[in-house]
Amino acid sequence: MGRVFSDLRTAEYGASGHPEAPFRVKDTFAMLRAAGHQPEKPSLHASAVDVALLHGPSHLASIKSGTFSDPDTPPFPGIDEIALISLSGALSAADAAMKGEPSFSLMRPPGHHAGKDRVAGFCYLNNLALSVARLQKAQPGLKVAIVDFDVHHGDGTQSLVLGRENTTFLSLHQFPLYPGTGLDSRGNCWNVPLEAGTAGDAWLREFEPRLELLLREKPDVLAVSAGFDAYKEDPIAGLKLDKGTFKRIGSLLAQTKLPRYAALEGGYSEDLPILVESFLDGFF
Ligand SMILES: [Zn+2]
């Protein structure tokens with residue numbers, strides 16, 4: 001079984017009626033534990049140095065002071081510290097993956113819409129992109145394939161890794177939908193827009209050949225933005241994946257036998273805990 005990094009302090013913020021809510025970590029933590037996983041605190045502690053790998057020099061300070069404006073992404077008190085804990089989970093998962101242990105970061109806030117100087121779409125720091133940058137700083141030349149299966153386009157991640165050496169980004173997402181990007185592929189960023197209503201089998205038919213192409217790039221590690229809002233019951237999007245699809249995605253990624261890790265992105269249905277468990281069943 002792989003490793004799960006989590007910290008219940010990341011369930012300690014929220015706004016009433018906001019879909020990105022504390023239960024996402026709290027209930028999933030409880031279910032994973034009941035299923036035999038042993039969520040542990042991150043082994044690495046993210047700092048401003050890690051944030052500066054890709055974000056602008058004043059980004060963290062602006063999160064701390066709340067001097068930003070995005071209606072979806074409020075300036076909660078202490079959110080800078082909580083975002084660093086969330087980032088710590090992704091960094092720890094990446095580190096464990098490189099030691100041969102498939103790993104998952106169960107944290108919030110998510111990250112894939114956060115850009116260089118931009119909070120957006122419930123995201124403050126781009127956890128996954130930063131974890132990739134940290135791995136590549138430690139091991140120059142390391143080839144990383146990023147897979148983003150969140151229902152929304154990972155626009156923040158794309159903006160941070162576009163043109164980056166030894167890095168390929170693959171995103172499958174509903175289009176049109178927030179954030180309105182990801183219709184076309186650009187360089188090392190491969191986008192697969194999908195119509196509302198696309199179900200699991202059709203989704204997998206798009207995914208499998210792209211994963212094969214990704215493997216031809218001979219990546220050393222797979223970094224996964226694991227969003228579960230493509231689920232058929234998700235309240236904020238319109239794809240129709242079911243629990244079994246997420247297990248299949250996990251299995252296909254595991255079959256690569258590559259070092260691999262994933263970090264939680266979206267997923268707003270109350271079924272999120274069983275979707276994560278199902279994914280990890282395949283992924284570990
Ligand atoms: Zn999403």
Side-chain angles (χ1 to χ4, degrees), residues 10 13-15 17-25 27-28 70-74 83 86-87 89-90 104-115 118-131 146-161 169-183 189-200 203 206-207 223-243 245-246 249-250 253 262-276 278-279:
T10 67
Y13 72 95
H18 198 296
E20 206 289 283
F23 85 90
R24 304 181 65 243
V25 162
D27 293 3
T28 306
D70 180 88
D72 290 335
T73 318
S86 186
L87 174 58
F104 180 66
S105 174
L106 172 64
M107 300 279 199
R108 57 193 281 270
H112 74 154
H113 297 303
R118 181 168 182 257
V119 311
F122 322 156
C123 302
Y124 300 82
L125 299 175
N126 198 311
N127 306 313
L128 198 84
L130 290 170
S131 70
I146 301 172
V147 173
D148 186 328
F149 63 83
D150 189 278
V151 78
H152 302 98
H153 179 230
D155 57 336
T157 305
Q158 172 168 297
S159 70
L160 293 170
V161 306
F169 172 67
L170 168 65
S171 177
L172 283 82
H173 43 267
Q174 183 181 333
F175 189 93
L177 186 68
Y178 178 90
T181 52
L183 183 56
C189 294
W190 305 354
N191 290 314
V192 184
L194 299 166
E195 277 178 13
T198 301
W203 194 99
E206 297 288 342
F207 177 58
V224 182
S225 265
F228 296 85
D229 39 12
Y231 179 51
K232 60 185 180 181
E233 305 288 348
D234 197 274
I236 71 168
L239 296 193
K240 299 290 172 198
L241 278 57
D242 62 20
K243 187 178 88 161
T245 317
F246 292 107
I249 295 169
L253 296 169
L264 180 65
E265 300 286 0
Y268 307 100
S269 149
E270 61 187 21
D271 292 338
L272 177 67
I274 55 169
L275 304 180
V276 174
S278 187
F279 169 70

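Counting starts at 1 for both ligands and their atoms, following the listed order. Every value quoted in this text rests on a predicted model; they were computed, and no experiment measured them.
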Kindly give the atom name of the N, O or S atom of [X] closest to the Zn ion (ligand 1).
| X | result |
| --- | --- |
| H152 | ND1 |
| D150 | OD1 |
| D229 | OD2 |

**Request:** State, to 0.1 Å, how close F104 and A263 come at their nearest heavy-atom pair, and which atoms those are.
**Result:** CE1-C, 4.1 Å
**Closest approach of P109 to F122 (non-hydrogen atoms, all atoms of both residues)** = CB-O, 3.6 Å
**Message:** Between S269 and E233, is there a side-chain donor-acceptor contact under 3.5 Å, judged purely by atom types and distance?
**Reply:**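 Judged by distance alone, the side chains do not pair up.
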**Asked** Regarding H153 and D155, is there a side-chain donor-to-acceptor distance under 3.5 Å anywhere?
**Response** no
